[in-house]
Amino acid sequence: MTTLTIDRRAEWKRRLSFSNLSVVYILVALVVFFGVWKTDLFLTYDTFSGMLNQNAIQALMALSLIMALSSGVFDLSIGYVMSLTSMLTAYLVSPQYGNLLPSSAIAIALAVALLAGVVNAIVVVIFKIDSFIGTLATGSIFYSAAVYVTDNVPISVGTSTIRSLGSWNVASLGAPVFVVAVVMVVLWYLMGHTPTGRAVYATGLGPEAARLAGIRTKRIQFTSLLVSALVAGVAGVLATAKFSQGSAGVGAPYLIQAFAAVFLGATLFRGSLFNAVGTVIAVIMLGTITVGLALAGVVQQWVPYAFQGLILISALGLGGLRRRPKAPTAAEVEPAPSAEVPAQPDGVPTHV
Amino acid sequence: MTTLTIDRRAEWKRRLSFSNLSVVYILVALVVFFGVWKTDLFLTYDTFSGMLNQNAIQALMALSLIMALSSGVFDLSIGYVMSLTSMLTAYLVSPQYGNLLPSSAIAIALAVALLAGVVNAIVVVIFKIDSFIGTLATGSIFYSAAVYVTDNVPISVGTSTIRSLGSWNVASLGAPVFVVAVVMVVLWYLMGHTPTGRAVYATGLGPEAARLAGIRTKRIQFTSLLVSALVAGVAGVLATAKFSQGSAGVGAPYLIQAFAAVFLGATLFRGSLFNAVGTVIAVIMLGTITVGLALAGVVQQWVPYAFQGLILISALGLGGLRRRPKAPTAAEVEPAPSAEVPAQPDGVPTHV
Amino acid sequence: MSETTTVDRPIEQMPLVRIENLSKTFPGQRALDQVDLDIRVGEVHALLGQNGSGKSTLIKVLTGFHAPDDGVRVSVDGAEGAFTRTGPSPLDGEVLNVRAVHQHLGLVPQLSVVDNVALCTGYLRAPGGRIDWAAQASLTRELLARVGLEGLDIHAGVDVISPLERTQVAIARALHGWSEGAHGLLILDEPTAALPAEQAEDLFTLVRRLRDTGVAIVYVSHRLDDLVSIADHVTVLRDGRSVATTSMEGLTHDDLVGLMLGKEAAAKAHAVVRSHAVEDGRPPAVVDGKHGRTLRVSGLVGAELRGLDFTVAPGEVVGVTGIVGAGQDELPYLLVGARKAAAGTVEIDGTTYDVTRLDPRRCAGLGVALVPADRANEAVLPQTDITDNITLPRLRLFSKGGWLRRSSERAEAVRWIERLFIQPQDPGKLVTELSGGNAQKVVLARWLGVARNALLLAEPTAGVDIGAKSLIYSHLRAAAAEGLPIVVCSTDAMDLEQLCTRVLVLSDGRLKAELTGADINEDTINHAVLSATEASA
Amino acid sequence: PADSKGSGDSSSTSSSGGDALPNTTGQKTLDAIEANTGVDGAKKLLAMWTATPTTIGITEPVKGKIPSGKKIAFMNCGVEVCIALGKAVKEAATVLGWTVEDVNVGASPDEISGAWNRVAAGDYDGVIASGLPSVLFADAVDKLKKKGVPIAECCVADDNPGITAIVGDSTVPPTGKQYAAWVAADSDGKANTLWVGSADFPIIATLKSNFDEGMKSWCPDCKVADIDIPAAEIGTTMPTKIAAYVRSHPDVNYIALGYDGFATGLPQALQDAGVADKVKFIGDDALPMNKQMVMDGQQGASIAFPIYEEMYAAVDALARTFVGESVEPSLSMMPLQIYTKDNINDPSKFEPLVPDYKEQFMKLWGK
Ligand SMILES: Nc1ncnc2c1ncn2[C@@H]1O[C@H](COP(=O)(O)OP(=O)(O)OP(=O)(O)O)[C@@H](O)[C@H]1O
Ligand SMILES: Nc1ncnc2c1ncn2[C@@H]1O[C@H](COP(=O)(O)OP(=O)(O)OP(=O)(O)O)[C@@H](O)[C@H]1O
Ligand SMILES: O[C@@H]1[C@@H](O)[C@H](O)OC[C@H]1O
Ligand SMILES: [Mg+2]
Ligand SMILES: [Mg+2]
């Protein structure tokens with residue numbers, strides 16, 4: 001019993017340690033900092049709900065990456081998948097063009113997002129093109145498609161009832177916040193508490209070992225790329241609903257922050273594994289910097305960038321993620337015909 | 001003797017094979033394609049020199065990545081290093097601000113670029129923060145610094161004599177083209193034909209094996225990050241000379257194409273190793289798409305993106321780069337604190 | 001395995017798994033060539049063959065990792081099946097349970113022990129499909145206890161546990177789910193490569209017990225004595241062909257060598273291996289006393305070592321052994337500064353150095369070479385060829401005026417390929433496409449080229465076949481004969497017996513015994529390790 | 001219908017009771033700006049600018065016979081505004097029997113200079129461009145000048161002598177005043193305005209200084225603060241920052257956006273921050289998005305961009321060059337209008353401000 005208590009205590013100490021929770025501690029520090037600096041402004045429900053609303057789409061974009069990165073593939077095309085579905089949704093609901101019901105438009109847009117995922121999966125998993133460059137290439141194609149719709153002119157949703165989805169809210173929290181919550185919980189459950197999730201991690205961390213253990217790594221990477229495209233597609237639909245317009249440029253700006261948040265989130269909880277809850281916390285932490293500084297009246301343009309850079313480095317340096325969960329290529333899973341065994345025979349040493 | 005001849009023939013066959021030279025063949029195909037389509041416009045010295053001039057800075061940015069990627073680190077900050085040196089150079093030569101001689105301004109700007117490289121190296125090699133996210137963070141800081149100079153207002157070089165560097169040319173080829181040629185040759189020699197280059201590749205391919213083989217992997221990664229920042233800094237200086245102004249936004253647009261070109265270039269010649277000549281050819285190939293379509297009068301905005309995406313996929317799918325030279329993290333080089341060895345400057349050098 | 005066809009033989013004699021005409025072609029190489037294999041219930045079926053003969057490839061086909069060439073016929077329990085898919089084993093299913101310990105263990109680094117076990121055994125679910133982590137944890141502990149591993153932090157990543165623990169985890173997870181009378185196939189590919197003798201014995205006991213409950217077992221090892229003690233049948237592979245299948249009844253160690261290498265080659269290997277194992281006939285300490293290159297270590301303290309002093313005279317081969325973690329595994333790394341020593345000095349070629357200030361680079365410059373234990377991660381450079389791997393620490397020697405001269409590098413590689421019989425004899429062959437034994441020879445070549453004043457080896461023959469072993473031994477002896485001090489840190493008693501003039505036995509980081517002369521034989525060494533360990537426990 | 005609505009409304013907003021000023025261009029407009037001071041003055045001006053303008057600004061006909069068959073390059077930056085400009089150029093060119101080729105200028109400085117250099121090497125008779133400072137392609141401008149190819153630009157401040165005409169330049173100062181008139185009038189002289197600029201659009205600085213002048217005249221007690229935000233943050237953190245600024249400065253009740261594109265995501269950000277009801281915003285260029293926002297009540301007002309009139313003016317400038325006349329008339333002030341809820345016709349696209357602009361130009365061109 002005593003040892004059990006001690007174990008528990010040690011376990012809690014580890015769980016609550018700075019290196020396990022650096023981002024959370026930094027978030028708390030930021031909240032305290034801005035809270036003390038601008039108490040009335042900062043410590044309000046408005047700030048809280050505004051923060052969630054403002055960062056929901058960014059969070060969704062970050063969440064879209066979790067499965068793919070965990071399974072060992074980069075998906076750099078998500079920004080353009082978002083643009084494409086945003087354009088498409090607007091096009092389809094706009095009285096001027098498609099004039100469809102929002103539900104049909106959304107269904108079609110998400111089907112196209114899935115199709116984009118299939119293209120990615122074919123390029124990366126079937127053609128075995130390195131995911132980093134491969135999804136850069138497909139992204140270019142998706143962007144092209146988004147531009148094609150109306151030659152890069154943004155499309156207003158006009159009077160479409162999709163607007164009501166954009167303005168719908170509960171306790172000032174809009175639809176995207178709830179979508180993020182759902183996606184986060186699903187990913188948390190799937191990745192952390194189901195065999196499928198564990199197989200995804202195994203695929204990314206040790207593709208050959210995973211395959212030796214009977215995991216269908218190709219199928220997992222294939223599916224992961226569908227998921228990233230689908231979630232990015234949902235982000236595109238929500239962006240169109242929220243902003244009442246679709247545009248080809250809407251997605252790209254989310255990409256870098258999405259990667260920053262996912263990697264930052266991986267420092268949390270699960271020892272350098274990409275995870276949903278950590279990712280959302282990271283998005284909120286990064287969002288807090290922007291909002292906090294702005295509320296505090298800091299208008300110098302350079303400040304938020306410097307702040308964000310320094311906070312990222314502190315969180316990563318003091319926190320856990322020194323080693324990036326490596327995202328090797330699909331090719332390492334199913335090597336190119338010329339060398340059927342991966343270059344790196346095995347992560348695990350054979351002998352002492 | 002007979003076997004030797006046969007071997008040579010096989011060797012040449014391998015060397016000239018599509019999978020070894022896909023990008024070159026595609027480049028040739030593009031030139032023929034556009035050459036036939038728009039003979040008078042396309043097959044001219046003007047097109048040729050214009051192509052080189054227009055892609056020189058892009059090529060430089062791509063070349064800046066070669067050593068870092070080969071040694072196993074991402075440098076995502078190069079775009080912002082370029083912005084920073086561009087702003088600084090303009091600030092320093094501008095009669096309105098620094099009013100320095102171009103030579104002094106360039107020296108200072110490049111020193112700052114090196115300093116940026118040192119910051120990257122400290123974050124990645126000393127703090128052991130994953131390079132992907134670490135250089136995203138430092139990039140944010142460098143951008144902040146670029147914005148800081150004049151609060152994001154572009155700076156004209158005014159009457160500074162740096163303009164003459166910008167307009168200097170030989171046979172219509174501007175200074176950046178010659179700089180690219182020099183950097184390419186240096187990198188070709190260094191990476192392909194010296195012990196140092198071999199040590200850089202070894203560091204990227206098998207960091208622990210390289211370390212045990214007496215290669216100073218940390219120092220190599222450190223130096224590689226200095227080189228990437230320095231070359232990006234040169235690009236910034238040249239951009240300011242060429243455009244007679246510095247701006248904080250100048251660097252970012254080059255980043256993605258730089259990565260695309262380096263990865264594409266790795267399909268050429270050296271069995272999936274990043275290399276200088278392949279990279280420059282890849283930049284030219286990508287540039288040919290833009291210029292060719294423009295000369296052919298294709299104005300639909302979506303076309304070049306679709307074209308580029310498809311060509312990238314073909315080049316990669318048909319060519320060699322299925323397996324990306326993996327870019328592990330600095331942490332993988334120096335696995336555990338217990339195995340740490342202080343840098344030993346006084347060792348008897350066996351190599352490098 | 002949908003259709004059942006009746007076979008004209010009585011069920012009892014029918015093999016559990018029958019494979020016919022199995023071939024596997026890699027681009028440019030046929031790794032398996034029309035192999036036939038019968039695996040019967042209740043037997044341990046050994047696969048024997050040199051490095052690169054196709055053993056692991058055969059296993060990877062059986063477990064679904066590789067798809068075989070067309071033309072193979074397979075039947076399970078008399079029912080015809082097909083190798084139609086890769087992924088989970090094509091044999092695995094309702095009829096048959098297939099579990100394997102793969103040659104490189106097949107663990108996923110960074111994932112926890114719990115996960116690594118569950119990936120193989122399947123996860124236990126709580127209602128609702130959620131993983132029952134608590135049950136999974138107790139199952140894991142239970143399985144680990146069966147292989148004698150208790151008190152391990154099962155939530156730790158397998159990349160931070162010791163190599164021995166990793167092997168135990170890999171074995172433990174393969175032992176799950178074999179109930180009495182279970183129809184199953186257990187495949188073990190060099191499971192004892194990282195196991196000390198004692199642990200290996202325990203494993204044999206477990207394997208025998210499983211065999212007796214009706215599990216069919218396929219067993220691969222280069223430790224021929226293991227096979228003698230555990231196998232019932234043996235299939236010998238040579239260059240991807242099965243050249244013999246026979247009962248183990250009455251076969252000796254030497255018979256196995258003969259089967260494996262062919263008569264002529266066996267005789268040669270035998271001669272080399274046994275050349276100096278004459279009762280008292282240890283090789284002289286100094287053959288060529290030209291240089292007084294004594295290696296003198298004093299006060300060496302590391303993470304495990306707690307103070308060690310020893311001297312290796314020129315031409316002497318000193319073995320250092322103990323159980324895993326006793327200190328012999330970190331010793332060579334400390335000496336070249338690859339891991340940080342807390343204190344200690346080493347005298348190299350007459351000069352004394354502070355060990356805490358050494359690093360691998362400096363040591364290479366001083367002519368002190370370390371052949372590391374973990375070939376895949378510490379030695380071999382992926383995506384590069386044999387030449388690159390051999391010349392890596394000495395590139396300066398092959399450059400002139402700043403240019404690396406590929407031709408002289410190649411010449412050097414060819415020299416070593418010929419000296420060590422590296423196969424294939426192509427200096428441009430990618431090193432990751434070599435079999436384990438040949439890769440090890442490449443690594444040895446790299447470091448023999450560096451070692452002017454001392455050669456340190458960690459587990460130099462792990463996973464290396466007997467033929468290659470004999471070659472490695474003879475080269476090490478030749479190096480010693482030229483006056484090189486050599487330290488062999490190994491848990492393989494055969495290495496020590498064959499190579500060493502003196503063996504230091506460590507326990508708990510301290511020197512516990514020193515064996516010399518006739519005491520240097522496998523039995524005495526194993527015994528000394530055991531008693532030293534027990535004494536300090 | 002919009003026209004009648006607009007003019008009808010303007011008289012009623014005009015609380016000063018004076019006669020409604022006609023929405024004209026040129027010196028008359030400048031005089032009106034000069035003459036009307038104080039809040040009442042602002043209201044008069046607002047009434048004037050919400051009415052439909054009637055003249056294109058250019059009055060002097062082209063004397064010579066404009067040659068047909070000219071080949072013009074339009075440097076298309078690819079964003080919404082540029083695409084609309086391109087359409088207007090084509091429409092105008094068709095009237096004169098010219099052809100227009102779109103040239104993609106791209107985004108990075110190298111792409112831009114590459115595109116210009118290709119045009120300089122091509123066989124174009126004239127070039128029309130928008131919004132790009134010529135420092136990026138000074139060499140191409142030199143080449144074009146040497147070849148005698150005229151260049152007409154809009155929407156940019158540039159002093160390169162190689163550029164033949166910068167149309168609409170004289171329209172920028174009164175445009176800055178339009179902001180001030182609306183803010184002063186709409187707030188009844190009680191505005192506390194946040195000006196949102198971005199150094200990435202140099203023209204905004206001119207708008208700002210004229211806004212300041214206007215505020216001094218029409219609302220001397222009103223407060224003005226400003227922030228600058230990089231253009232790269234449009235649609236991402238820019239709206240968040242603006243909303244946070246408004247929250248942290250509770251007195252702010254007006255926002256003036258240096259460019260209407262900054263409104264991307266702004267209504268939602270203001271909503272999210274709980275300040276949507278206490279602040280109104282105005283911007284310049286009236287992108288379809290903004291017109292929709294104005295109609296939806298999310299944006300207070302939007303200053304129209306006379307895209308058609310300005311591109312016709314650019315063509316006009318080239319025409320005058322071809323017949324050897326001065327381009328001075330083409331540089332006249334363009335028509336001005338402020339869109340509010342009541343005078344927007346079709347929010348889905350850019351529209352001409354002057355209903356019979358085409359006829360007016362055709363008359364100048366002798367067509
Ligand atoms: N993926 C692959 N691609 C190409 N060649 C391969 C591949 N895997 C194995 N080989 C080759 O097939 C042959 C058989 O290799 P295998 O690993 O089966 O040998 P092994 O008998 O297990 O050897 P060892 O005793 O060293 O483990 C070797 O020549 C090896 O180089
Ligand atoms: N990947 C894992 N491998 C092994 N054990 C695990 C793993 N994840 C969780 N556990 C164990 O299962 C128990 C529950 O852990 P878990 O993290 O799921 O807690 P939780 O309350 O569900 O928290 P969370 O909100 O993160 O899911 C703990 O004892 C933990 O050690
Ligand atoms: O009138 C135009 C104005 O609306 C736009 O914003 O800038 C250019 C001007 O010519
Ligand atoms: Mg948990
Ligand atoms: Mg094997």
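So you know, we letter chains A, B, ... as the sequences are listed, proteins then strands, and number each from 1.
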Subject >> A:Gln245 versus D:Thr264, closest heavy-atom pair with distance >> reply: NE2-CG2, 4.5 Å

Original post:
By a 4.5 Å heavy-atom criterion (distance strictly below it), what part of D:Pro288 contacts chain A: side chain, backbone, both, or neither?
Top reply: neither

Original post:
Do the non-hydrogen side-chain atoms of D:Met289 and A:Ser247 ever get within less than 4.5 Å of each other?
Top reply: no

Original post:
In terms of heavy-atom pairs under 4.5 Å with chain A, which of D:Pro230, D:Ala243, D:Gly274 leads?
Top reply: D:Pro230

Original post:
Counting heavy-atom pairs under 4.5 Å to chain D, which of A:Leu295, A:Leu173, A:Asp46 comes out on top?
Top reply: A:Leu295

Original post:
Between D:Gln292, D:Glu80, D:Arg247, which shows the greatest number of heavy-atom pairs under 4.5 Å with chain A?
Top reply: D:Arg247

Original post:
For atom OH of A:Tyr80, is the number of surrounding heavy atoms from other residues, nucleotides or ligands below 6.0 Å larger than 12?
Top reply: no

Original post:
Checking D:Ile229 against chain A: side chain, backbone, both or neither under 4.5 Å from a heavy atom?
Top reply: backbone

Original post:
What part of D:Ala273 gets closer than 4.5 Å to chain A, counting heavy atoms only: side chain, backbone, both or neither?
Top reply: backbone

**OP:** Can you see which heavy atom on D:Ser248 is nearest to which on A:Ala294, and at what distance?
**Re:** OG-O, 3.7 Å

Original post:
Given a strict heavy-atom distance threshold of 4.5 Å, which part of D:Gln271 is in contact with chain A: side chain, backbone, both, or neither?
Top reply: neither

**OP:** Output the option from D:Lys349, D:Gln298, D:Glu233, D:Met295 having the highest count of non-hydrogen pairs under 4.5 Å with chain A.
**Re:** D:Glu233

**OP:** Select all residues of residues 50-61 of chain A having any heavy atom within less than 4.5 Å of some heavy atom of chain D, and report them by number, or 'none'.
**Re:** A:Gly50, A:Asn53, A:Gln54

**OP:** Count the heavy atoms belonging to other residues, nucleotides or ligands that lie under 6.0 Å from NZ of D:Lys87, then report whether that count exceeds 12.
**Re:** no

Subject >> Residues of residues 145-157 of chain A within contact distance of chain D, non-hydrogen under 4.5 Å >> reply: A:Asp151, A:Asn152, A:Val153, A:Pro154, A:Ser156

Subject >> D:Thr236 vs A:Gln257 side-chain heavy atoms within contact, under 4.5 Å >> reply: no

Original post:
Which one of D:Pro239, D:Ala232, D:Ser348, D:Pro250 has the most heavy-atom pairs closer than 4.5 Å to chain A?
Top reply: D:Ser348

Original post:
Which bit of A:Tyr254 is near chain D, if near means a heavy-atom gap under 4.5 Å: side chain, backbone, both or neither?
Top reply: side chain

**OP:** Write out, in numerical order, the residues from residues 88-98 of chain A with a heavy atom short of 4.5 Å from a heavy atom in chain D.
**Re:** A:Gln96

**OP:** Between chain A and each of D:Asp228, D:Ile83, D:Leu266, D:Thr237, count heavy-atom pairs under 4.5 Å; write down the option with the most.
**Re:** D:Asp228

**OP:** Select, from D:Pro347, D:Pro267, D:Ala269, D:Ala84, the one with the greatest count of heavy-atom pairs under 4.5 Å involving chain A.
**Re:** D:Ala269

Original post:
Just checking heavy atoms, which of residues 236-244 of chain A are less than 4.5 Å from chain D?
Top reply: A:Lys242, A:Phe243

**OP:** Can you tell which part of A:Phe48 gets under 4.5 Å to a heavy atom of chain D, answering side chain, backbone, both or neither?
**Re:** neither

Original post:
In terms of heavy-atom proximity below 4.5 Å to chain A, should D:Asp296 be classed as side chain, backbone, both, or neither?
Top reply: side chain

Original post:
Given the options A:Asn169, A:Leu41, A:Asp40, which has more heavy-atom pairs under 4.5 Å with chain D than any of the others?
Top reply: A:Leu41

